[in-house]
Every structure is written in structure tokens, then in C-alpha cells.
Number of protein chains: 2
Amino acid sequence: MSTQTRKIKIRKANEALILEAAEKIFAISGYKGAATGDIAREAGIPKANLHYYFKTKFRLYREVLEHILDDWMAAAPIFDTRHEPEDVLRSYVTAKMEFSRQRPYGSRVWAREIMSGAPVLDDFLGTTLKAWLEERVRIIRRWIHEEKIRPVDPHALMYMIWATTQHYADFEQQIMILNGGKAFSERRYRQRTNEVVRLVLNSVGL
Amino acid sequence: MSTQTRKIKIRKANEALILEAAEKIFAISGYKGAATGDIAREAGIPKANLHYYFKTKFRLYREVLEHILDDWMAAAPIFDTRHEPEDVLRSYVTAKMEFSRQRPYGSRVWAREIMSGAPVLDDFLGTTLKAWLEERVRIIRRWIHEEKIRPVDPHALMYMIWATTQHYADFEQQIMILNGGKAFSERRYRQRTNEVVRLVLNSVGL
DNA sequence: ACGTATCTTGACCATTGGGTCAAGATACCA
DNA sequence: TGGTATCTTGACCCAATGGTCAAGATACGT
């Protein structure tokens with residue numbers, strides 16, 4: 001193994017470790033509320049070491065957000081691969097529910113960023129996300145025009161899907177408490193996912 | 001006016017002023033991230049004065065949450081006053097949308113509290129809110145039994161309503177950016193409210 | 001007008017927290 | 001094995017922040 005490779009390996013491993021810890025702490029405490037010392041402790045390294053890999057807390061935060069965006073957008077293409085509205089919506093809602101299950105902290109960091117006024121995501125929202133959304137809106141309009149689904153406000157529909165699926169990540173704690181203090185089992189979560197799919201499909205008349 | 005009354009008047013006025021400022025700052029920065037100095041500046045008073053009315057930041061935070069709970073629960077009885085599912089759901093969704101419009105900061109403080117693990121609301125969620133929810137669940141089950149709506153998972157439905165309506169408060173900034181950078185007009189928001197109502201009604205087969 | 005309770009506020013204190021630094025430890029190649 | 005680049009870490013610095021205090025200012029009943 002070359003020096004280069006070795007170095008890169010150590011760096012990548014430590015960066016990944018720190019990013020994961022940071023995502024959790026930022027999710028729980030918010031940007032301002034998160035202490036780099038807490039993040040370092042969560043990662044099991046000294047604070048100075050964290051600052052060796054990420055010069056500033058802000059840079060670290062930005063990279064955490066970028067990570068989340070990558071994974072968030074990964075669920076995006078699903079909207080295109082199938083063609084019947086029912087298949088597309090089912091796949092998309094299922095993928096979003098899966099994301100909420102797998103990456104609850106990521107979803108919360110996103111939510112907090114928006115609630116803080118989206119100082120960092122502002123640009124992304126206005127360009128990439130807006131373009132992506134408008135494309136899906138166009139697809140939905142086509143479905144309506146072809147009378148494949150009942151006439152709905154496409155934006156209202158998309159927001160309902162986002163809100164509902166992300167709710168299972170962002171409000172996980174509330175859901176757990178309302179569920180008698182115990183978390184959903186794998187199986188129960190899959191059933192719930194199907195229920196959400198059915199609600200969404202019915203909302204557009206499918 | 002008696003001394004007592006006068007004193008109380010000054011105190012109440014200042015407390016209200018501080019609580020409003022605090023709700024905004026907590027909504028934007030989170031509990032840990034919010035500085036009492038910022039809250040004081042937002043309220044237009046010196047920090048020492050704020051601490052005269054609220055001994056600690058934590059006490060202030062708790063009172064802000066209590067305020068929000070009061071208003072949140074105010075929308076709750078609507079679920080009972082009318083009897084046909086369609087009327088009940090329409091009124092409830094409309095009330096929640098109205099709350100998101102009028103008190104966006106309150107909704108965000110709530111969301112942040114839950115995402116932090118609900119350290120303060122924990123008790124409320126497990127008792128009052130759980131009881132309230134289970135009562136509504138029972139009502140929904142009755143509707144299903146009477147075949148007034150199609151069979152849905154009552155919890156999944158309630159969470160969809162909460163998530164979707166609160167989305168308009170918590171993600172206001174994102175919605176604005178996706179709307180081309182301009183906020184919804186009163187009229188547009190009312191239209192959107194009706195769209196949300198229709199989506200919800202359709203989701204249960206109405 | 002006087003006395004008392006409340007309110008106001010600048011100055012101050014102790015702790016926390018982001019970020020730096022320099023002295024080692026480690027890894028790898030020649 | 002020696003040299004160099006990277007990595008690790010305790011100690012340290014300074015600005016920000018929650019909270020205190022004591023000296024006034026204000027309000028109001030008598």
C-alpha cells in the first residue's frame with residue numbers, strides 16, 4: 001500500500017467517524033447548541049484532534065449537511081424509474097420512509113437548518129431542490145391531465161409526502177412516547193409504511 | 001387602580017413581551033443556542049431586566065412551552081364539536097393550518113423540543129397528549145366501524161395531519177424559497193388550506 | 001411630600017466553548 | 001535505520017454567555 005493510500009485511509013476513516021458523531025450531536029442540539037467537545041467525545045477522540053480534521057465547527061456542519069443532501073437526493077430518481085402514478089408514489093413514499101428509519105439524525109439536522117432560516121441550505125433549496133420539485137410537479141400535472149389521478153395541487157401533495165415521511169424521523173421521540181414508550185419494531189414500521197402509502201394513494205384517488 | 005393591580009399590570013406586560021421574544025429566539029436558535037442576551041435585545045430590554053422576571057433561562061423556556069401547549073390544546077376540542085367525519089376533519093385541519101399561520105415560532109419550538117429528546121415535554125406527551133390522541137383514535141375507529149370512512153390506521157392518519165399542517169410552520173422558510181422567494185398571501189394560504197383538507201378527506205375516502 | 005414595594009440597569013463574575021499550539025507519536029519509504 | 005509527512009493530544013487563550021448585585025428610578029397609597 002502506498003503512503004498516499006495509507007494516509008488517505010486514516011483520514012477518510014477519521015473524517016467519517018467525526019461526521020457521524022457530528023450528525024447526531026447537531027441533530028440533538030442544533031448548530032449553535034452543539035459543542036465541538038461533545039462531538040469529539042461522541043466520536044471518542046480529543047477535541048484538538050477533531051479540529052485537526054475540520055478547522056472550524058461551521059465547516060464541519062457544512063460537510064454534515066452535504067452528506068445528508070447526497071443521501072436525500074439518492075431517493076430522488078425513484079420518481080422517474082417507474083411510470084404508473086401508483087408505482088411511482090408507492091416507491092417514493094417507501095424510499096422516504098426508509099430514509100427516515102435509517103437516517104433519523106440526518107433528517108433532523110435538515111429540519112433544524114430550515115427552522116434556523118436555512119442560512120447554509122438557502123442556495124441549494126433555491127436551485128437544485130426547486131428544479132427537482134418543479135420537474136416532479138410537471139409529472140404530476142401530466143398524470144392529472146391524463147386523468148390517471150384526481151386533480152390535486154401538486155405542491156400540496158409533495159409537501160404532504162415530505163412532511164409525513166419526515167415526521168417519522170423528526171418526531172421519532174414523540175411517536176415512541178405516544179406508542180407507550182416503546183419504539184416501532186421492524187415489522188410494525190413496515191406496516192406503517194404501507195399505511196402511509198395507502199393514505200397518499202387514496203388522497204389522489206388511487 | 002390599586003397598587004396591586006398596577007404592579008400586576010407592569011409585570012404581566014413585561015412577561016408577555018419577554019415570552020414573545022423568547023418564543024422567536026428559541027424557535028430560531030434552539031434552547032441551548034439561544035442567548036438570554038439575544039432574547040432581551042429582541043424584547044428591547046436589558047438582560048438583567050429579563051433575569052428579574054425569569055430567574056433562569058430554563059424557567060423561561062418552560063413557560064414558553066406552556067404557552068404553546070395552551071394554544072395547541074385550544075384547537076383540540078374541535079374534534080368533538082361536530083359529528084360527521086367530514087366536518088370534524090375539515091375543522092380540525094383548518095384549525096391546525098391556522099395555528100401554523102398564526103404561531104409559526106411556537107410550532108418550531110415544539111419541534112425542536114421533540115428533536116432534542118423532549119426533555120421537558122416528555123411528561124405531557126405521555127399523559128395529556130397520549131390520552132387526547134387515544135380518544136380521537138377511538139372516534140376514528142367508530143367512524144370506520146360505522147363505515148363512514150374507509151378503514152385506515154387512525155394513528156397513521158393523525159400523524160399525517162399533524163405532520164402536514166405543522167410543515168407549513170416548521171418549514172415555512174423552505175416553502176417560501178421553493179415558492180420563488182415570496183411568502184404565501186393570505187388568499188393563497190387559504191386556498192392551500194383547502195387543498196390540504198381535500199387531500200386528507202380523500203385519504204380516508206371522503 | 002414621604003415611605004415602601006417594585007422595577008431598571010450597568011458593571012461584574014465564573015464557566016463554557018471554539019480554536020490554537022507545540023511537543024511528541026506513528027507510519028511509511030528509501 | 002534515518003528522514004519526512006501525517007497524526008495525536010494536553011495545555012492554553014480569549015470571547016461569549018448565564019446569572020448576580022447593588023445602586024438608583026418609578027409608582028402609588030397615605
Side-chain angles (χ1 to χ4, degrees), chain A residues 1-65 109 112 116 119-120, chain B residues 1-65 109 112 116 119-120:
Chain A
M1 192 193 310
S2 74
T3 306
Q4 199 65 355
T5 313
R6 187 65 199 296
K7 282 175 195 166
I8 284 171
K9 216 173 163 187
I10 291 175
R11 173 162 276 270
K12 285 285 175 228
N14 280 324
E15 284 179 350
L17 189 73
I18 295 166
L19 283 170
E20 193 187 338
E23 182 171 299
K24 178 173 178 182
I25 302 301
F26 281 136
I28 293 170
S29 308
Y31 174 70
K32 270 173 136 186
T36 55
D38 291 346
I39 296 172
R41 182 149 26 79
E42 176 74 25
I45 59 171
K47 190 178 66 163
N49 200 4
L50 181 149
H51 276 93
Y52 169 73
Y53 286 105
F54 298 91
K55 274 293 157 241
T56 69
K57 183 177 158 183
F58 182 66
R59 255 218 240 289
L60 173 56
Y61 178 65
R62 257 207 330 229
E63 296 214 21
V64 166
L65 274 180
V109 174
R112 285 199 126 103
S116 298
V120 176
Chain B
M1 191 192 311
S2 73
T3 306
Q4 200 65 354
T5 313
R6 186 66 199 298
K7 282 175 194 167
I8 285 170
K9 217 173 162 187
I10 291 176
R11 173 163 276 270
K12 284 284 175 230
N14 281 324
E15 284 179 350
L17 189 72
I18 294 167
L19 283 170
E20 192 187 338
E23 182 171 299
K24 177 173 177 182
I25 302 300
F26 281 136
I28 292 171
S29 306
Y31 174 70
K32 270 172 135 186
T36 55
D38 290 346
I39 295 172
R41 182 147 27 78
E42 176 74 25
I45 60 171
K47 190 179 63 163
N49 201 4
L50 180 150
H51 276 93
Y52 169 75
Y53 287 106
F54 298 91
K55 274 293 157 239
T56 68
K57 182 177 157 183
F58 182 67
R59 256 217 237 289
L60 173 56
Y61 178 64
R62 258 207 329 230
E63 296 214 21
V64 166
L65 274 180
V109 174
R112 286 198 124 106
S116 299
V120 176

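Labels below follow one simple rule: chain letters A, B, ... track the order of the sequence lines, proteins then strands, and each chain is numbered from 1.
Here the shortest heavy-atom pairing between A/Lys55 and A/Arg59 reads CB-NE, 4.1 Å.
In this structure, of C/dC7, C/dG10, D/dT6, it is C/dC7 that holds the atom nearest to the side chain of B/Arg11.
One can place CG of B/Leu60 at 13 Å from C1' of D/dG19, the figure rounded to the nearest angstrom. Atom CD1 in B/Ile39 sits roughly 12 Å away from atom C1' in D/dT17 (whole-Å rounding). Between A/Asn49 atom CG and C/dA22 atom C1' the separation is 15 Å, expressed in whole Å. For the pair B/Glu15 CD and C/dT8 P, the interatomic distance rounds to 11 Å; values are reported in whole Å. Whole-Å rounding puts the B/Ile45 CD1 to C/dT9 P distance at 8 Å. Whole-Å rounding puts the A/Lys12 NZ to D/dC7 C1' distance at 16 Å. We find that CG of B/Leu50 is positioned 13 Å from C1' of C/dT8, with the value rounded to whole Å.
Here CD1 of A/Ile18 is found 14.0 Å from CD of A/Glu23. Values are rounded to the nearest 0.5 Å. Once rounded to the nearest 0.5 Å, the distance linking CG of A/Asn14 with OH of A/Tyr52 reads 9.5 Å. Put simply, CD1 on B/Ile10 and CD on B/Glu15 are 12.0 Å apart, with the number rounded to the nearest 0.5 Å. Atoms CD1 and CD1, from A/Ile25 and A/Ile39 in turn, are 6.5 Å apart once rounded to the nearest 0.5 Å.
A/Tyr31 and A/Tyr61 have tilted rings, their planes meeting at an angle from 30° to 60° on a 0 to 90° scale.
Panel note: side chain B/Lys57, backbone B/Ala34; a donor-acceptor pair is recorded below 3.5 Å. Judged purely by atom type and a 3.5 angstrom limit, B/Ser116 uses its side chain to pair as donor or acceptor with the backbone of A/Ile28.
Near DNA chain C, meaning a heavy atom under 4.0 Å from it, residues 17-29 of chain B has no residue at all.
In this structure A/Glu42 satisfies the salt bridge (charged side-chain N to carboxylate O under 4.0 Å, His left out) test together with A/Lys24, sequence neighbours excluded.
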- Note on the structure: For nucleotides 16-21 of chain C, 5' to 3', base contacts (B), sugar-phosphate-only contacts (S) and non-contacts (-) with protein non-hydrogen atoms under 4.0 Å give --BBBB

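In this model, the phosphate group of C/dT8 is approached by a side-chain N or O of B/Asn14 to a distance below 4.0 Å at OP1 or OP2. Proximity of B/Tyr52 to the phosphate of C/dT8: no side-chain N or O atom is located under 4.0 Å from OP1 or OP2.
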